[in-house]
Amino acid sequence: MKSLIIGVVAAAFTATVAFADSHAVRMGTEGAYEPYNFINDKGEVDGFERELGDKLCEIAGYSCTWVKNDWDSIIPNLTSGNYDTIMAGMSITDERKEKINFTEAYFPPDPSAYVSLAGADAEVINGNVAAQTNTIQAGHVSSSGATLVEYATPDETIAAVRNGEADAVMADKAYLRKLVEESGGELEFVGEDVMLGTGIGMGIRKSDEEMLAKFNAAIQQLKSDGTINTLIEKWFEMKGPY
Amino acid sequence: MGGTNRPFHPVLMFEFCADPKAIDGLKWMACYLTTPKHQQFYFSFLIVLALIAGTAPLVMLLGFCGAFMRRSAILPIKWLGHIYTSMVRGVPDIVFFLFVPIAMDQAFEYTRHRILCPEVTEPVYRGNDFVVCTAAKLPLSSSPQWVHETYGFILAMIAFAVVFGAFAANTIDGALRAVPKAQLETARAYGMSERQTFWRIHLPQMWTFALPGLSNLWMVLVKSTPLLFLLGIEDIVYWARELGGTKTSFFEYPHPDWRAWYFLSLLIFYLLLTWVSEKAFAALTRRVSRGMATQGGKDATAGNAAEPEIAGARL
Amino acid sequence: MDSLTISDTQNNNNNANMSGVPVIELRDIHKSYGTLKVIKGVDLAARSGDVIALIGSSGSGKSTLLRCTNLLEIPQQGDILIDGEAVRWKAHHDERQPADAVQVRRIRTNLSMVFQQFNLWGHLTILQNVIEAPVTVLGRDPAEAARFGQSLLEKVGIGDKSDNYPSQLSGGQQQRAAIARALAMEPEAMLFDEPTSALDPELQGEVVQVIKDLAIDGRTMIIVTHDMKMAADVANHVIFLHQGVIEEEGSPDQLFKKPKSTRLRQFLSSTGA
């Protein structure tokens with residue numbers, strides 16, 4: 001143990017400074033919320049945010065690597081410096097803004113929706129409703145008077161509806177759309193769509209003001225030249241507003 | 001700590017896998033099960049085995065250190081030994097597993113920051129943020145992902161070793177006490193030094209009493225490896241959950257919720273691992289207790305006495 | 001059982017000590033545990049070839065006195081001389097301790113002890129038990145030590161048990177193995193701490209026989225025992241301890257046939273001797 005600690009410590013302090021590169025940026029994402037971000041069959045981070053993020057990095061002059069992190073600890077691990085940004089379909093909310101900064105939205109406020117088993121009563125949205133922990137949907141469900149059932153991953157919220165643990169699931173409509181379409185009629189949208197949040201932005205540590213400015217500039221550029229709209233059309237099969 | 005570029009090279013297993021949409025049945029399954037993503041899943045089994053194999057010697061080392069500290073004649077060392085073992089044993093594992101890597105990581109980075117970037121005057125802790133200069137990052141942001149993952153893995157290994165070492169210390173201490181005093185006194189009466197008495201008599205006889213507890217600890221260690229997942233390491237649980245989840249046509253190989261099958265494979269993996277471990281420990285026990293096992297009820301009960309402290313004490 | 005004869009080369013107790021210096025000499029030994037005084041000023045001298053029997057009721061201090069001889073117990077007061085060499089002491093808190101660990105180990109290798117409970121090392125075979133200390137402590141060649149150890153096992157009548165573990169032997173066999181282990185050290189003197197007390201009566205005879213043979217051989221021995229018959233048969237000097245002091249001592253004939261003190265008479269009648 002002792003020699004290992006010494007080894008680790010030695011490695012920790014001799015790791016050469018020469019490669020220290022202020023342009024290296026680590027992009028944190030969840031990798032479980034298609035089409036925003038997911039792990040493709042090659043085992044790589046893929047999706048709208050991967051494609052957009054790479055373009056943003058290029059414009060901002062960063063060399064970026066993608067890092068997966070659990071949704072639940074994605075903000076703490078940003079502030080403790082495991083990675084430098086969050087691009088994980090994260091809605092800009094006041095509560096999150098207390099801990100981290102957001103760039104301006106790169107994705108507009110999008111409807112959230114309820115999904116339940118086909119043929120269910122519309123009342124299910126007031127029953128047991130599944131949502132991912134620490135999401136705006138979870139916040140909405142618990143304030144709507146329904147019983148919130150929380151899960152660590154988006155996939156588990158869907159599975160909960162399938163196996164009857166929950167009556168309905170609430171999530172971003174863009175995430176739910178394909179799941180419903182390809183469920184072979186098992187799943188259905190239920191109730192009205194709800195507009196939540198003020199769009200999706202990139203999370204950045206409060207102390208990284210320079211990075212925030214650079215990414216904001218990059219987002220503005222991609223909005224004005226239509227790139228973001230193209231990407232939204234590609235990944236979400238809908239028209240972008242920018 | 002997760003990432004995408006692993007220190008191994010995925011290969012396209014079969015030619016016909018080039019277009020997954022065009023194949024079905026067994027071919028589809030063969031291609032599906034050999035995607036680079038699945039290869040990462042299979043690789044993660046090795047990570048679990050590496051964790052166990054790497055942690056076990058550290059656990060024994062810490063176990064012996066802890067046991068010797070507790071037996072030390074020097075009071076502060078003795079206290080330190082007791083504090084270590086009782087604190088780790090008393091605090092829920094999960095707290096230690098989460099605390100140790102973060103604390104070590106921040107301690108390293110903080111120290112590097114102070115040494116490498118003396119010119120930075122802003123505080124390291126700014127509000128929620130833990131900010132060290134670019135050069136002090138560990139690993140550096142520019143390091144390849146596998147360096148980050150190895151670093152995380154080592155921190156996890158240390159966390160495991162710290163926790164399990166405390167239990168091992170307890171078992172070893174108990175086993176050392178369980179060796180009859182007369183056996184050691186006889187060694188001294190025949191002119192053996194303390195060192196000789198320990199290596200020739202005390203240690204060899206200790207194993208009989210330590211093995212039941214240590215084998216228990218090993219089993220718990222094996223079963224605890226899914227905690228790696230909580231430490232942000234992409235272990236078999238992460239991949240089983242990720243691969244098993246419903247896959248829409250965003251993916252090349254869409255499929256419904258197959259998590260049950262993936263977790264079944266983990267179940268079989270862990271059962272096999274425990275089965276092999278049990279066989280190995282049975283053989284080991286036979287070996288170390290040659291001559292001792294038949295010494296009668298006295299030794300048998302003493303051997304078991306070291307066990308209940310460990311059994312069921314965890315998770 | 002075969003009669004026991006030890007060849008001259010192995011028997012080293014007839015050389016240096018013919019000068020008259022006792023092999024073991026205890027002077028004014030005091031030993032207490034806390035406030036309990038167990039030994040209150042005992043003198044003892046064993047010259048080469050002496051066989052001294054220490055008798056007395058339980059709690060008389062006879063085992064403690066024996067254990068002071070090879071420093072398994074540390075007497076608070078008094079001198080211990082082995083071959084005329086006094087044990088050196090140093091202060092340790094309120095008590096004293098031997099000052100020289102090397103001296104202690106040297107003394108112990110010269111005074112092999114045989115324990116009431118045999119104390120064979122459980123993880124070693126009988127032969128390994130016999131050669132363990134000669135090899136690790138005395139630095140003997142293992143093959144050489146094994147040959148000598150095997151011959152000792154033959155002499156105590158358990159040559160066929162050398163590869164067995166102690167737990168596979170009867171009590172009498174274990175004690176004979178323990179005696180072989182003691183002999184393997186080629187000690188100047190042997191200390192027996194109630195060697196037959198843990199044995200069933202029918203197994204005591206075989207051990208007593210071995211000890212008798214050693215006495216005939218001229219071994220220097222101190223034997224703590226409850227077995228008055230053995231004491232009478234093998235000892236040339238008997239010491240009766242009572243409450244930590246020597247109540248009476250002398251030849252076996254004197255003590256067993258014409259005991260002077262009332263306490264010894266009482267003790268002897270209580271043991272049925």
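The structure presented is a predicted model; accordingly, all values stated were derived computationally and were not measured. Chain A is the first sequence line, chain B the second, and so forth, proteins listed ahead of strands; every chain is numbered from 1.
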Discussion item. Heavy-atom pairs under 4.5 Å with chain B: which of A:G81, A:G184, A:P76 has the most?
Written reply: A:G81
Discussion item. So for B:Y238, is it side chain, backbone, both, or neither that comes closer than 4.5 Å to the heavy atoms of chain A?
Written reply: side chain
Worksheet item: Under the side-chain contact (heavy atoms from CB on, under 4.5 Å) test, which residues partner A:A118, sequence neighbours left out?
Response: A:E188
Discussion item. Are more than 12 heavy atoms, taken from residues, nucleotides or ligands other than B:F68, located less than 6.0 Å from that residue's CZ atom?
Written reply: yes
Item to complete: Could you check which of B:M60, B:R241, B:K137 has the highest count of heavy-atom pairs closer than 4.5 Å to chain A?
Response: B:R241
Worksheet entry | Any residue of residues 155-166 of chain A which, by heavy atoms, sits under 4.5 Å from chain B | A:D155, A:E156, A:A159, A:R162
Worksheet item: Less than 4.0 Å between a side-chain N and a carboxylate O, is that true for A:R177 and A:E181?
Response: no
Discussion item. Please rank A:D208, A:I75, A:T79, A:D72 by heavy-atom pairs under 4.5 Å with chain B and give me the top one.
Written reply: A:T79
Practice prompt. Flag the one option from B:T246, B:D129, B:V131 with the top tally of heavy-atom pairs under 4.5 Å to chain A.
Written response: B:D129
Item to complete: Kindly say whether the aromatic ring centers of A:F38 and A:Y33 come within a distance under 6.0 Å.
Response: no
Worksheet item: Do B:Q106 and B:Y125 get their side chains close enough for a donor-acceptor pair, meaning under 3.5 Å?
Response: yes
Item to complete: Ignoring hydrogens and angles, state whether a donor on the side chain of A:K178 or B:S249 is under 3.5 Å from an acceptor on the partner side chain.
Response: yes
Worksheet entry | Partner chain A: residue of B:Y32, B:F130, B:F250 with the largest heavy-atom pair count (under 4.5 Å) | B:F250
Fill in: A:N134 and A:R96 side chains, donor-acceptor separation under 3.5 Å
no
Worksheet, complete the sentence: Cut-off 4.5 Å, heavy atoms of chain B, and the answer for A:D84 is side chain
Worksheet entry | Worked check of ring pair (Phe, Tyr, Trp, His ring centres under 6.0 Å) between A:Y114 and A:F189 | CA-CA 6 Å; A:Y114 291 97; A:F189 283 107; over 10 Å; no
Worksheet entry | Row check, A:F102 ring normal vs A:K97 NZ/CZ: under 6.0 Å, within 45° | no
Practice prompt. Measure across B:C31 and B:I23 and return the closest heavy-atom pair with its distance rounded to 0.1 Å.
Written response: SG-CD1, 3.4 Å
Worksheet item: What part of A:N40 gets closer than 4.5 Å to chain B, counting heavy atoms only: side chain, backbone, both or neither?
Response: backbone
Item to complete: Under 4.5 Å heavy-atom distance to chain A, tell me which part of B:E242 shows up: side chain, backbone, both or neither.
Response: side chain
